[in-house]
Amino acid sequence: MDQASAELAERFAQWWASRMTVGHELQVRSIGSAPSGFSNETWLVDLQWREGDRDREQRVVLRRQPQGKAFFGTYDLRRQFEIMRVLRAVGMQVPEAIAFEGDEGILGAPFFVMEFIEGRVASGRRPGFHGHGLFFEASIEDRRTMWFGAVAAMAQIHALDWRKLDIGSLLGNPRSNAEAVALQLAEVEGWFSEVASLGPFPVLERGFAWLREHPVDYSRTSLLWGDARPGNIIYRGTQVAAVIDWEMAGIGPAEFDLAYFLLADQVTAELNGVPRLPGLPERAETITAWEQHLGRKVEHFAAAQIFVALRF
């Protein structure tokens, strides 16, 4: 453990002992960066303490708000924590959100601690999950099982009635379907405005113009996972153990998540210059599986694809 990690471990151990009911001789046995993720600082922390005459151990995940230049212009760590807490309470497959700390003086930035879920994640590092790792190593049958498991987990999120959960206020609480779509578009236009001076970007500008000129009346809105892709799922064997990474969650048409899931798959292969893995379901089969889980057809999918392409 280097000096920076040792200092982080010591400060975290002091905080944990002050917040949690544990025995004595608490120590951080190890702390190391998680192997994936782009938009946050995440560590795996192994704790050990004594209860009576027995040693106890626990692994937890520490997620700290990024310091310095961040992937997102604004980063609401508390919102992620609360979304996970709400979803866990209604039986969704998310890690337990254990504790949030907003005092920057403890670890240099706000952070939260969540349950560690044993399993494997499809790597987001080059050359992507089509080129190495979990899906690459799996048999065709197992690939399909994991893929359809991801679709089912996504559809389960979309089937929730977000209005009955203590979650709307965290995500803008849109009063109508049209307002939900407008909020989603406004967020992405805000991202674009931060870099527009580096342009021109005629394709993106045409995309935004098309969406403004062709408003779509979606019939319903759902809780959106936001970053819907296999790399944000923990698998135990071929089964979904947990859905993770809620930085980009929102309220909007569920078709946005489905279109993003399909686009992320395509881009992961093309950007890394590797062929899409054989045996994975094609777009039509994936859409059909999603429709079967929700008991309805996709709607306005062309517009949804344009929106998520801009967002991506």
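- In this structure, the side chains of Phe301 and Pro253 stay at 4.5 Å or more apart for every pair of heavy atoms.
- No more than 12 heavy atoms of other residues, nucleotides or ligands lie within 6.0 Å of CG in Asp217, so this atom counts as exposed by the packing criterion.
- Hydrophobic cluster membership differs between Leu183 and Leu211, with clusters built from Ile, Leu, Val, Met, Phe, Trp and Tyr side chains linked at under 4.5 angstrom.
- Smallest separation of non-hydrogen atoms from Arg11 and Ile106: NE-O, 3.0 Å.
- Pairing each heavy atom of Phe129 with each of Pro230, the nearest pair is CZ-CG, 4.2 Å.
- With Tyr260 as the aromatic partner, Arg311 meets the cation-pi criteria of under 6.0 angstrom to the ring centre and within 45 degrees of the ring axis.
- Residues meeting the side-chain hydrogen bond (donor to acceptor under 3.5 Å, both in side chains) test with Glu213, sequence neighbours left out: none.
- No donor-acceptor pair under 3.5 Å is formed between the side chain of Asp227 and the backbone N or O of Asn232.
- Arg63 places no side-chain N or O within 3.5 Å of a backbone atom of Met114 that could act as its donor or acceptor partner.
- Residues Ser222 and Leu160 form no side-chain contact, since every pair of their non-hydrogen atoms from C-beta on lies 4.5 Å or further apart.
- Although no hydrogens or angles enter the test, the distance criterion places no donor-acceptor pair under 3.5 Å between the side chain of Gln58 and the main chain of Gln48.
- Counting only heavy atoms from C-beta outward, the side chains of Phe201 and Phe192 approach each other to under 4.5 Å.
- A tilted orientation is assigned to the rings of Trp16 and Phe12, their planes being inclined by 30° to 60°.
- Checked by atom type, the side-chain pair Trp225/His158 shows no donor-acceptor distance below 3.5 Å.
- A distance-only check finds a donor-acceptor pair linking the side chain of Asn272 to the backbone of Thr268 [under 3.5 Å].
- Panel note: side chain Tyr235, backbone Met146; a donor-acceptor pair is recorded below 3.5 Å.
- Side-chain contact check for Leu107 versus Leu8: some heavy-atom pair is nearer than 4.5 Å.
- The CE atom of Met92 lies 9.5 Å from the CG atom of Leu165; values are rounded to the nearest 0.5 Å.
- Between Trp43 and Ser5, the side chains place no donor N or O within less than 3.5 Å of an acceptor N or O (distance only, hydrogens not considered).
- Between the side chain of Asn177 and the backbone N or O of Ser219, at least one donor-acceptor pair lies under 3.5 Å.
- We find the CD1-CD distance between Ile233 and Gln239 to be 11.5 Å, quoted to the nearest 0.5 Å.
- Nearest heavy atoms, Met20 versus Ala99: CE-CB, 3.5 Å.
- Checked by atom type, the side-chain pair Asp46/Ser30 shows a donor-acceptor distance below 3.5 Å.
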Check the pair Arg144, Glu285 against salt bridge (charged side-chain N to carboxylate O under 4.0 Å, His left out), reporting the backbone distance first and the verdict last. CA-CA 11 Å; Arg144 291 178 62 84; Glu285 194 175 3; 2.5 Å; yes

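- Side chain of Arg143 to main chain of Phe136: a donor-acceptor pair is present (N/O by atom type, distance under 3.5 Å, no hydrogens or angles).
- Summarising the geometry, atom CH2 belonging to Trp246 is positioned 15.5 Å from atom CG belonging to Leu77; distances are rounded to the nearest 0.5 Å.
- The minimum heavy-atom distance linking Gly119 with Ile234 is given by the pair CA-CG2, 3.8 Å.
- Taking CZ of Phe208 as the reference point, atom OG of Ser193 lies at 9.0 Å (rounded to 0.5 Å).
- Hydrophobic clustering of Ile, Leu, Val, Met, Phe, Trp and Tyr side chains at less than 4.5 Å, counting indirect connections, unites Ile251 with Leu294.
- Linking ILVMFWY side-chain heavy atoms closer than 4.5 Å, directly or via other members, places Val181 and Trp191 in a single hydrophobic cluster.
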Could you go step by step and tell me if Glu41 and Gln65 meet the side chain to side chain contact (heavy atoms under 4.5 Å, CB included) rule? CA-CA 7 Å; Glu41 298 180 9; Gln65 186 164 308; over 6 Å; no

Check the pair Gln27, Glu10 against side chain to side chain contact (heavy atoms under 4.5 Å, CB included), reporting the backbone distance first and the verdict last. CA-CA 8 Å; Gln27 60 178 314; Glu10 182 180 359; over 6 Å; no

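- In terms of heavy atoms, Glu118 sits closest to Ala241 at O-CB, 4.5 Å.
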Side chain to side chain contact (heavy atoms under 4.5 Å, CB included), that's the test. Do Leu262 and Ile287 meet it? Break it down for me. CA-CA 9 Å; Leu262 292 168; Ile287 292 170; 3.9 Å; yes

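- Side chain of Arg29 to backbone of Leu47: no donor-acceptor contact under 3.5 angstrom is found.
- When the side chains of ILVMFWY residues are joined at heavy-atom separations under 4.5 Å, either directly or via intervening members, Val203 and Phe307 end up in two distinct hydrophobic clusters.
- The local environment of CD in Glu137 is crowded, with over 12 non-hydrogen atoms from other residues, nucleotides or ligands closer than 6.0 Å.
- With 3.5 Å as the limit, one finds a donor-acceptor pair spanning the side chains of Asp265 and His130.
- A donor atom on one side chain and an acceptor atom on the other are found under 3.5 Å apart for Thr286 and Trp147.
- No more than 12 heavy atoms of other residues, nucleotides or ligands shown are found within 6.0 angstrom of CG on Asp166.
- Residues satisfying the side chain to side chain contact (heavy atoms under 4.5 Å, CB included) test with Val267, not counting sequence neighbours, are Leu263, Leu271, Phe312.
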Worked check of ring-ring contact (aromatic ring centres under 6.0 Å, His included) between Phe112 and Phe81: CA-CA 7 Å; Phe112 71 79; Phe81 177 84; 5.7 Å; yes

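- Side-chain contact check for Glu189 versus Arg212: some heavy-atom pair is nearer than 4.5 Å.
- Taken to the nearest 0.5 Å, the CZ atom of Arg88 stands 5.5 Å off from the CD atom of Glu96.
- At distances below 3.5 Å, not a single donor-acceptor pair connects side-chain atoms of His293 with backbone N or O atoms of Thr288.
- At most 12 heavy atoms of other shown residues, nucleotides or ligands fall within 6.0 angstrom of atom CZ in Arg175.
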Derivation of the side chain to side chain contact (heavy atoms under 4.5 Å, CB included) call for Arg64 and Glu104: CA-CA 10 Å; Arg64 183 172 68 176; Glu104 297 183 9; over 6 Å; no

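- Counting heavy atoms from C-beta on, the side chains of Glu247 and Arg79 never come closer than 4.5 Å.
- Side chains of Ile31 and Leu44 form no contact here, defined as non-hydrogen atoms less than 4.5 Å apart.
- Rounded to the nearest 0.5 Å, atoms CG (Leu171) and CD1 (Ile167) are 5.5 Å apart.
- In this structure, Val243 and Val94 approach most closely via the heavy-atom pair O-CG1, 3.6 Å.
- Side chains of Trp15 and Glu101: a donor on one and an acceptor on the other come within 3.5 Å.
- Within the 3.5 Å criterion, the main-chain N or O of Leu224 finds no donor-acceptor partner in the side chain of Asp257.
- Between the side chains of Glu51 and Trp49, at least one donor-acceptor pair of N or O atoms lies under 3.5 Å.
- With respect to the salt-bridge test (charged N to carboxylate O, under 4.0 angstrom), the residues Glu282 and Arg276 qualify.
- By the 4.5 Å heavy-atom criterion applied to side chains, Thr238 and Phe148 are not counted as neighbours.
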